[in-house]
Amino acid sequence: MSLSGTTTRYGSLAQAFHWLTALLVLIAFLVSEGGPPTRVYSEARAPTLLLHESLGFTVFWLLVIRLVWRLFDRIPEAPPMPAWMEVASKATHWALCALLFAVPATAMLGAWFGGHPVTFYGLGAIGPFSGTWGAPLAEIHGTLGDIILWLAGLHAAAAIFHHVILRDRVLSQMLPGLPKVR
Ligand code: HEM
Ligand code: HEM
């Protein structure tokens, strides 16, 4: 399989970025903790928060690298489908990309303006900065974190629907090893 895509299949790099991102988002969500800041930022929960934040930052870097690679990559054409379905699929992909940016961005701003430093992979911390928007931004971060999971679930269900019911190549063009359908 080549690094770049073809008219009917995503390349191996785009596939790797996609599935790694999906896995990291899922784990970041599963280890996320809510509650009052005294709980979130407590000494006892510091390792979990560091893991959550590190996974989230990695998702962000993967998005940047993936978008740069996309400039040089070939993206498969959509198989024949009604126009509304193609528009819905494009809109979902755009929304997922926007969330992959907005979820980490609101997290960082929420922490900084809520009076907490942000630790980057345990290597060093930046912030906090003075401001009053910390709490609402942290709240928005949690909500967007929930939304990305719901939207990804819907997106996954649509991909399976394409494969099983419509029997087109939408899932097989992203999943290595899956036999190619029309
Ligand atoms: C794809 C990446 C991420 C996802 C899916 C995600 C998801 C979530 C969710 C769902 C919550 C709320 C938990 C609850 O209320 O039960 C949360 C909280 C939190 N996340 Fe993330 N997050 C991500 C990335 C990040 C990053 C990069 C940071 C780095 C600063 C971060 C820092 C936090 C903090 C500090 C909280 C607690 C907020 C508070 O209530 O004060 N997250 N995250
Ligand atoms: C957090 C989880 C996920 C995110 C953020 C996500 C995001 C995306 C994005 C942005 C694309 C557009 C192509 C690209 O830029 O690479 C895409 C394509 C795709 N995703 Fe996901 N995805 C997730 C999970 C899943 C899951 C669980 C499945 C399947 C069970 C799936 C199946 C697909 C398929 C089949 C395509 C190609 C669709 C097409 O070409 O029309 N994704 N995904």
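Quick note: numbers below take in every heavy atom, side chains included, and nothing from hydrogens, waters or symmetry partners. Counting starts at 1 for both ligands and their atoms, in listed order.
By the 3.5 Å distance cut-off applied to N or O atoms, His141 is counted among the residues near ligand 1. Ligand 2 has an N or O atom lying under 3.5 Å from an N or O atom of His155, backbone or side chain. At least one N/O-N/O distance between Arg70 and ligand 2 falls below 3.5 Å. Checked by distance only, ligand 2 and Arg66 come closer than 3.5 Å through their nitrogen or oxygen atoms.
With a 4.0 Å heavy-atom cut-off, ligand 1 is reached by the side chain of Tyr41 but not by its N, CA, C or O. With a 4.0 Å heavy-atom cut-off, ligand 2 is reached by the side chain of Cys97 but not by its N, CA, C or O. Neither the backbone nor the side chain of Trp94 comes within contact range of ligand 2; no heavy atom lies under 4.0 Å. Contacts with ligand 2 closer than 4.0 Å are made by side-chain heavy atoms of Val25 only, the backbone lying farther away. No part of Leu100 comes within 4.0 Å of ligand 1, judged by heavy-atom distances. Using a 4.0 Å cut-off between heavy atoms, Phe17 makes no contact with ligand 2 at all.
Remark: of the listed residues Leu55, Leu51, Leu49, Leu49 is the sole one forming a side-chain contact (heavy atoms from CB on, under 4.5 Å) with Glu53.
Taking the side chain as every heavy atom from C-beta outward, Asp73 and Ser4 approach each other to under 4.5 Å. Within the 4.5 Å cutoff, the side chain of Leu151 has heavy atoms near those of the Leu96 side chain. Contact annotation: the side chain of Glu77 never approaches that of Gln173 to less than 4.5 Å [non-hydrogen atoms, C-beta and beyond].
The aromatic rings of Trp112 and Phe129 sit perpendicular to each other, their planes meeting at more than 60°, with 30° as the lower class boundary.
The backbone N or O of Met85 sits nowhere less than 3.5 Å from a side-chain atom of Ser89 that would complete a donor-acceptor pair. Side chain of Ser12 to backbone of Ser2: a donor-acceptor contact under 3.5 angstrom is found. Arg39 contributes a side-chain N or O that, together with a main-chain N or O of Gly34, makes up a donor-acceptor pair within less than 3.5 Å. Without hydrogens or angle criteria, Trp19 side chain to Met174 main chain gives a donor-acceptor distance under 3.5 Å. Remark: side-chain polar atoms of Asp168 are not paired, donor with acceptor, to backbone N or O of Pro80 under 3.5 angstrom. At distances below 3.5 Å, not a single donor-acceptor pair connects side-chain atoms of Arg9 with backbone N or O atoms of Ile75.
In this structure, Leu49 has a heavy atom closer than 4.0 Å to ligand 1.
The nearest protein atom to atom 3 (C) of ligand 1, hydrogens excluded, is given as Val103 CG1, 3.4 Å; this is a heavy-atom distance. What sits closest to atom 15 (O) of ligand 1 on the protein, heavy atoms only, is Gly34 CA, 3.3 Å. In terms of protein heavy-atom proximity, atom 12 (C) of ligand 1 is closest to Gly142 CA, 3.7 Å. Taking atom 37 (C) of ligand 1 as the reference point, the nearest protein heavy-atom neighbour is Val40 CG1, 3.6 Å. Closest to atom 7 (C) of ligand 2 among all protein heavy atoms lies Leu96 CD1, 3.5 Å. Counting protein heavy atoms only, atom 35 (C) of ligand 2 is closest to Val170 O, 3.3 Å. Shortest contact from atom 40 (O) of ligand 1 to any protein heavy atom: Gly35 O, 4.0 Å. In terms of protein heavy atoms, atom 26 (C) of ligand 1 is closest to Ala107 CB, 3.6 Å. In terms of protein heavy-atom proximity, atom 6 (C) of ligand 1 is closest to His52 CE1, 3.3 Å.
At most 12 heavy atoms of other shown residues, nucleotides or ligands fall within 6.0 angstrom of atom CD in Glu139.
Taken from CG in Leu62 to OG1 in Thr21, the straight-line distance is 4.5 Å, to the nearest 0.5 Å. Atom CG of Leu99 and atom CH2 of Trp94 lie 13.0 Å apart (nearest 0.5 Å).
Its N, O or S atom nearest to atom 21 (Fe) of ligand 2 is what matters here, and for His18 that atom is NE2.
For ligand 2 and Leu171, the ligand atoms under 4.0 Å from any heavy atom of the residue are 35 (C). Those atoms of ligand 1 with a heavy atom of Asp146 less than 4.0 angstrom away are 10 (C). Close contacts between ligand 1 and Gly56 involve ligand atoms 2 (C), 24 (C), 27 (C) [criterion: under 4.0 Å to a heavy atom].
In the hydrophobic cluster analysis, where Ile, Leu, Val, Met, Phe, Trp and Tyr join through side-chain heavy atoms closer than 4.5 angstrom, Leu137 is grouped apart from Val40.
Nearest residue to atom 38 (C) of ligand 1 from Ala138, Ala152, Pro36 is Ala138 (criterion: closest heavy atom). For the residues Tyr10, Trp19, Trp69, Phe29, the heavy atom positioned nearest atom 29 (C) of ligand 2 is part of Trp19.
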